[in-house]
Amino acid sequence: METSKLVDSTHSGKTDCEDILFSIVVPVYKTQDYLGETLDSILAQDTSLLRRTEVLLVNDGSPDASEEVCLDYAHRYPNLFRYIYQENQGVSVARNRGIDEARGTYVGFIDSDDKFDDNYLIEIKKFWDEHGDKVDAVSAPLQFFDGSTGDHPLNFKFTDGTRIIDIDADYTNILLHITGCFILKNTLISSGLRFAEGRKYAEDKLFLTELIMIKKRYGVIDSTYLMYRKRSNKSSAIQSSVLDRDWYVDTLQSVDGYLLEKYTQPSGVPKYIQYVIAYDLQWRVKQEEQHVFTPEEERIYINIFIYLLKHIEDSIIMDLKNVFSEHKSYLLKLKNDEDPLEKSVYSKGGFNYRGIRIASYYNGARLSTINLMKYSQGKLVLEGYFFGLRFKGIKYGYFVNSKFHEVQLLSIPRAEVRFLGDTVFDRNVYRIELDVKPGDRIRPAVLRPNGSFIKGVYLLKDMSRLPEGDSSYVECGDIILQNVRNTYIAVKENKFGERQRRELSFIRHTLFSEKRAPLTMSRFGVIYYRTIARILRRLQGNKKIWLISDRPDAAGDNGEAFFQYLSNNTPYDVTPYFVLSKKSKDYERVSRLGKVVEPRSRKFKNLFLRADKIISSQANDYVINAFNTDQNLFRDLYRFDFVFLQHGVTLHNVSSWLHSFAKDIKIFVTSAPRERASIVDGFYGYDADTVALTGFPRHDKLINQRKKKIIVAPTWRHGLVGEIDPKTLTVPYNEDFKKSEFFIFYQSLILDPRLNAALEKYGYTAEFLIHPSFNGQIDDFEETKFFKMSSPPHNYTKAFAESALMVTDYSSVAFDFAYLRKPVIYSQFDQESFYQWHLWGKGYFSFDEDGFGPVIKDLDNLVDSLIISILEDCVIEKKYEERVDAFFGHQDQKNSERLLQKILEYDDSK
């Protein structure tokens with residue numbers, strides 16, 4: 001089979017092997033959707049060089065349509081492409097096959113989903129022509145594309161231009177990725193060097209390190225680049241490695257451990273080898289948890305990690321470029337079995353540990369963030385983070401004029417950064433209350449052990465509402481706070497003349513400063529919105545505007561339920577609006593309840609700048625920021641209190657998303673005592689008064705109209721959802737969705753013959769309620785006569801009322817369904833990958849111990865459970881019903897009433 005395919009496709013016209021300059025090896029496996037782009041990038045190279053190039057397409061037994069792509073190119077360009085087939089043996093075997101078949105002077109490599117820049121081969125040839133046999137390998141920068149953009153972390157070695165790197169002198173300039181590299185064929189022949197076969201990870205790192213150690217130098221080119229694909233669905237081997245056991249112990253032992261043993265000399269380990277190993281360890285130390293092996297296996301992995309670390313010099317650890325100083329301190333602690341923070345000595349503006357400077361303090365340094373800023377009656381409260389290691393004798397604070405005030409550092413367990421459960425460092429989360437008056441200046445500072453101070457700059461975060469940049473300011477009651485170049489905050493009296501001066505200065509900078517240039521509108525657009533907001537706010541008087549919403553294109557959630565209640569119970573001084581697109585299926589229904597405003601419209605933006613309350617079931621950025629990337633030009637005008645209704649019960653730890661520093665929620669609505677406690681006691685930053693146990697407004701509307709219907713409603717997946725388009729507020733289509741584990745599982749469920757036969761026999765139907773984030777993917781699914789797809793926006797209230805049973809996964813929709821005492825089945829076939837990639841961490845709620853139904857982890861058992869439930873007419877088991885009874889705080893259909901009362905009480909307390 002191998003021979004026939006090789007012969008069939010090797011009808012290249014290149015019979016003179018001496019004329020072949022470049023042999024490009026392309027290992028091919030399951031890349032049918034990307035391979036054409038890779039090969040087209042080769043075809044885009046200089047024509048004269050392509051005449052002296054051969055491309056070896058080595059198909060490693062790919063089960064998809066990659067072979068058809070290869071044969072198509074080999075047929076159309078027989079003088080360039082050679083097609084080679086082998087049974088699946090791994091990428092190393094495929095690359096080695098390419099090396100053995102290569103006839104060129106130089107052997108290049110490119111992965112079958114990457115792309116060359118158009119001038120790649122020209123620049124490679126220029127380098128070899130100039131430097132001859134001085135090096136064995138040459139490489140160019142890697143630029144990410146597809147799921148991520150920007151520079152590869154190791155691109156710093158290209159900043160000094162095209163050159164030869166001596167690894168003894170420049171040991172941090174490591175080369176680890178084979179894609180884009182070109183290697184002298186004679187060196188591969190003389191050394192016999194090949195890729196380690198059977199390796200799943202780091203095979204190119206091992207190969208290149210051994211190659212470079214031959215001459216201890218290699219070449220770099222800065223005049224071209226390779227486009228390195230980071231897949232949006234995280235399907236590449238590197239991106240999914242943390243879910244594979246082999247990435248842990250085996251890779252550390254067989255690659256890093258092997259290199260350490262091979263190159264250790266009586267004088268020690270070469271610094272280049274140390275840095276290669278340390279570079280890997282710095283990424284691994286950022287892993288907070290794993291879901292792959294047992295605690296004992298985890299301990300073995302950590303012991304190997306520490307063993308390698310002990311062979312790396314302290315100075316090498318401090319040279320690492322991709323971790324914070326806090327991570328470096330932790331690595332030193334693991335290596336030396338002592339805490340550097342306790343053993344360091346202060347000297348000449350910094351701290352030395354074992355003779356090495358591990359931290360420095362200097363005037364003008366970035367010292368703190370101001371995430372929240374609140375003022376009332378002469379008291380200014382600041383909350384945020386201070387940067388830097390927490391050495392003994394260091395104190396953080398703010399100067400008010402010439403007096404230093406030390407901040408209160410908050411001890412918050414979930415503020416810790418961890419490595420597999422072990423604390424790496426505590427974030428310096430602070431809170432400080434300052435007495436301020438007009439004329440004061442407020443500036444961050446660090447008190448050093450010798451009694452001297454460092455004064456630096458601060459970063460202003462979104463929820464501080466004080467914009468970054470020159471001439472920015474915010475009104476706070478009887479004072480104005482002016483940001484002066486992020487070095488100090490000037491306190492001024494809030495008088496008409498001062499307001500006018502500040503606004504005119506702000507407008508002047510907006511009109512003429514490049515740093516202040518808006519990105520989504522004209523400069524005059526900024527002035528229009530700011531001016532109109534100020535005029536209308538004065539005309540508005542004491543009348544309050546409440547903006548209520550669910551999703552931009554859909555209602556039917558807690559927002560609509562509360563809006564409906566308000567339509568009959570509107571406070572006398574409030575004008576409520578519901579934010580919803582006119583294109584929504586729900587628009588006509590909601591517009592009968594009251595005023596509706598189009599999101600992103602001019603009217604909406606004007607209302608947003610005057611709103612007293614933003615009340616929503618969603619907490620995405622577009623809910624609390626109507627001006628997208630131009631927020632910095634408007635956030636001083638934001639006056640609203642954010643009332644978060646939630647889309648569903650919080651059962652996971654989502655503190656990294658909903659923390660007060662990120663959302664500044666004023667009323668956080670919950671439905672269950674345990675849910676509320678998890679937020680108050682967790683790292684969310686909200687006190688007990690903020691987190692309200694009112695119950696969900698939509699639960700007031702839940703009714704039971706049971707039919708013979710099953711609904712399947714899984715949540716979204718982090719790796720499959722792109723960024724929301726800020727203009728359309730929609731998620732773009734994902735070409736890779738159909739290859740995902742999620743799609744394959746649920747498509748198999750929909751088409752399952754046993755399940756469909758049971759549905760037909762017993763008079764049931766089933767419906768898949770695709771998550772709104774996957775709306776663009778609905779046409780990817782094939783439905784049956786008895787199992788249909790439902791496109792968003794879904795009428796969840798109706799679906800819950802009519803259905804007899806629900807299948808979900810980790811979604812909070814199960815709570816609404818169980819609220820009606822109906823059976824739930826949790827389908828969790830992808831537990832490990834879900835918690836590894838999602839924003840969520842495991843929370844207080846255990847599906848096995850607290851859930852309202854059984855947890856199923858494979859397709860066959862899920863189908864079995866569904867068929868049994870159908871046979872038993874979908875009745876909830878007693879133990880699950882008891883769990884439901886014990887969970888919810890209120891079940892009296894007065895949730896909206898309690899919520900309105902909570903909002904009014906909050907206003908009275910302000």
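Each residue takes its place number in the sequence, starting with 1.
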Which is it for Ile770 and Phe781 under the side chain to side chain contact (heavy atoms under 4.5 Å, CB included) test, yes or no, and what are the steps along the way? CA-CA 10 Å; Ile770 194 167; Phe781 288 90; 3.8 Å; yes
Could you walk me through whether Lys785 and Asn756 satisfy the side-chain hydrogen bond (donor to acceptor under 3.5 Å, both in side chains) test, starting with their C-alpha distance in whole Å, then the side-chain angles of each, then the deciding distance to 0.1 Å, before giving a yes or no? CA-CA 8 Å; Lys785 181 179 179 181; Asn756 277 271; over 6 Å; no
Show your working on ring-ring contact (aromatic ring centres under 6.0 Å, His included) between Phe887 and Phe815 and close with a plain yes or no. CA-CA 9 Å; Phe887 185 80; Phe815 291 91; 5.0 Å; yes
For a side chain to side chain contact (heavy atoms under 4.5 Å, CB included) check, start with the C-alpha distance between Ile825 and Leu805, then their side-chain angles and the critical distance, and finish with the verdict. CA-CA 8 Å; Ile825 296 176; Leu805 180 147; 4.2 Å; yes
So Tyr746 and Phe829, ring-ring contact (aromatic ring centres under 6.0 Å, His included) or not? Walk me through it. CA-CA 10 Å; Tyr746 283 110; Phe829 62 92; 5.8 Å; yes
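A donor-acceptor contact under 3.5 angstrom links the side chains of Ser790 and His794, judged on distance only. Under the 3.5 Å distance criterion, with hydrogens and angles disregarded, a donor-acceptor pair is assigned to the side chains of Glu675 and Gln646. Side-chain contact of Tyr810 with Asp830: a donor-acceptor pair under 3.5 Å is present, judged by distance alone. No side-chain donor-acceptor contact under 3.5 Å links Asn895 and His890. There is a side-chain donor-acceptor pair under 3.5 Å between Asp557 and His647. Between the side chains of Gln290 and Glu298, at least one donor N or O sits under 3.5 Å from an acceptor N or O. Between the side chains of Gln564 and Lys701, at least one donor N or O sits under 3.5 Å from an acceptor N or O. With 3.5 Å as the limit, one finds no donor-acceptor pair spanning the side chains of Asp848 and Ser846. Under the 3.5 Å distance criterion, with hydrogens and angles disregarded, a donor-acceptor pair is assigned to the side chains of Tyr733 and Asp780. A side-chain donor from one of Asp873 and Tyr764 sits under 3.5 Å from a side-chain acceptor of the other.
Salt bridge annotation for Lys582-Glu598: absent, with no cationic side-chain nitrogen under 4.0 angstrom from a carboxylate oxygen. Salt-bridge check for Arg717 with Asp809: passed, with a basic side-chain N closer than 4.0 Å to an acidic carboxylate O. Ion pair Lys709/Glu767 flagged as a salt bridge, since at least one NZ, NE, NH1 or NH2 atom sits closer than 4.0 Å to an Asp/Glu carboxylate oxygen. With respect to the salt-bridge test (charged N to carboxylate O, under 4.0 angstrom), the residues Lys543 and Asp612 do not qualify. Salt bridge annotation for Lys585-Asp553: absent, with no cationic side-chain nitrogen under 4.0 angstrom from a carboxylate oxygen. Salt-bridge formation is detected for the pair Asp892/Arg898: a Lys NZ or Arg NE/NH1/NH2 atom is positioned less than 4.0 Å from an Asp or Glu carboxylate oxygen. Using a 4.0 Å cut-off between a side-chain N of Lys or Arg and a carboxylate O of Asp or Glu, Asp64 and Lys739 do not qualify as a salt bridge. Residues Asp700 and Arg698 are not paired through a salt bridge, judged by the lack of any N-O separation under 4.0 Å between the basic side chain and the carboxylate. With salt bridges taken as basic N to acidic carboxylate O contacts below 4.0 Å, one links Lys613 and Asp641.
In terms of heavy-atom proximity, Phe608 sits nearest to Leu547 at CA-CD1, 3.7 Å. Looking at every heavy atom in both residues, Phe800 comes nearest to Asp816 through CE1-CB, 3.3 Å. What you find for Pro576 and Ile548 is that their closest heavy atoms are CB-CD1, 4.1 Å.
Judged purely by atom type and a 3.5 angstrom limit, Ser865 uses its side chain to pair as donor or acceptor with the backbone of Asn861. Using modelled atom types, one side-chain atom of Arg821 and one backbone atom of Tyr819 make a donor-acceptor pair closer than 3.5 Å. The backbone N or O of Ala713 sits less than 3.5 Å from a side-chain atom of Thr808, completing a donor-acceptor pair. In this structure a side-chain-to-backbone donor-acceptor pair under 3.5 Å is present from Thr570 to Leu566. Distance alone, capped at 3.5 Å, is enough to place a donor-acceptor pair between the Asn569 side chain and the Tyr565 backbone. No side-chain donor-acceptor contact under 3.5 Å links Ser549 to the backbone of Arg551. The closest donor-acceptor contact from the side chain of Gln287 to the backbone of Glu289 lies under 3.5 Å. Remark: the backbone N or O of Val691 is paired with a side-chain donor or acceptor of Arg676 at under 3.5 angstrom. Here the side chain of Arg706 pairs no donor or acceptor atom with the backbone of Ser803 at under 3.5 angstrom. In this structure, Tyr684 contributes its side chain and Val654 its backbone to a donor-acceptor pair below 3.5 Å.
Residue-environment remark: NZ (Lys878) stays at or below the threshold of 12 foreign heavy atoms within 6.0 Å. The local environment of NZ in Lys788 is crowded, with over 12 non-hydrogen atoms from other residues, nucleotides or ligands closer than 6.0 Å. For Lys666, the NZ atom sits in a packed shell: over 12 heavy atoms of surrounding residues, nucleotides or ligands are nearer than 6.0 Å.
Aromatic ring centres of Tyr587 and Phe578 lie farther apart than the 6.0 Å criterion allows. Taking the six-membered ring wherever Trp is involved, the centroid distance between the rings of Phe852 and Tyr826 does not fall below 6.0 Å. Aromatic pair Tyr638/Phe640: ring centres closer than 6.0 Å.
Using cut-offs of 30° and 60° on the angle between ring planes, the pair His699 and Phe696 is tilted. The aromatic rings of Phe742 and Phe768 sit perpendicular, their planes meeting at an angle over 60°, well past the 30° parallel limit. Ring geometry for Phe847 against Phe845 counts as perpendicular: the plane angle is over 60°, on a 0 to 90° scale with 30° as the lower cut.
Atom CG in Leu759 sits 8.0 Å away from atom CG in Leu866 (nearest 0.5 Å).
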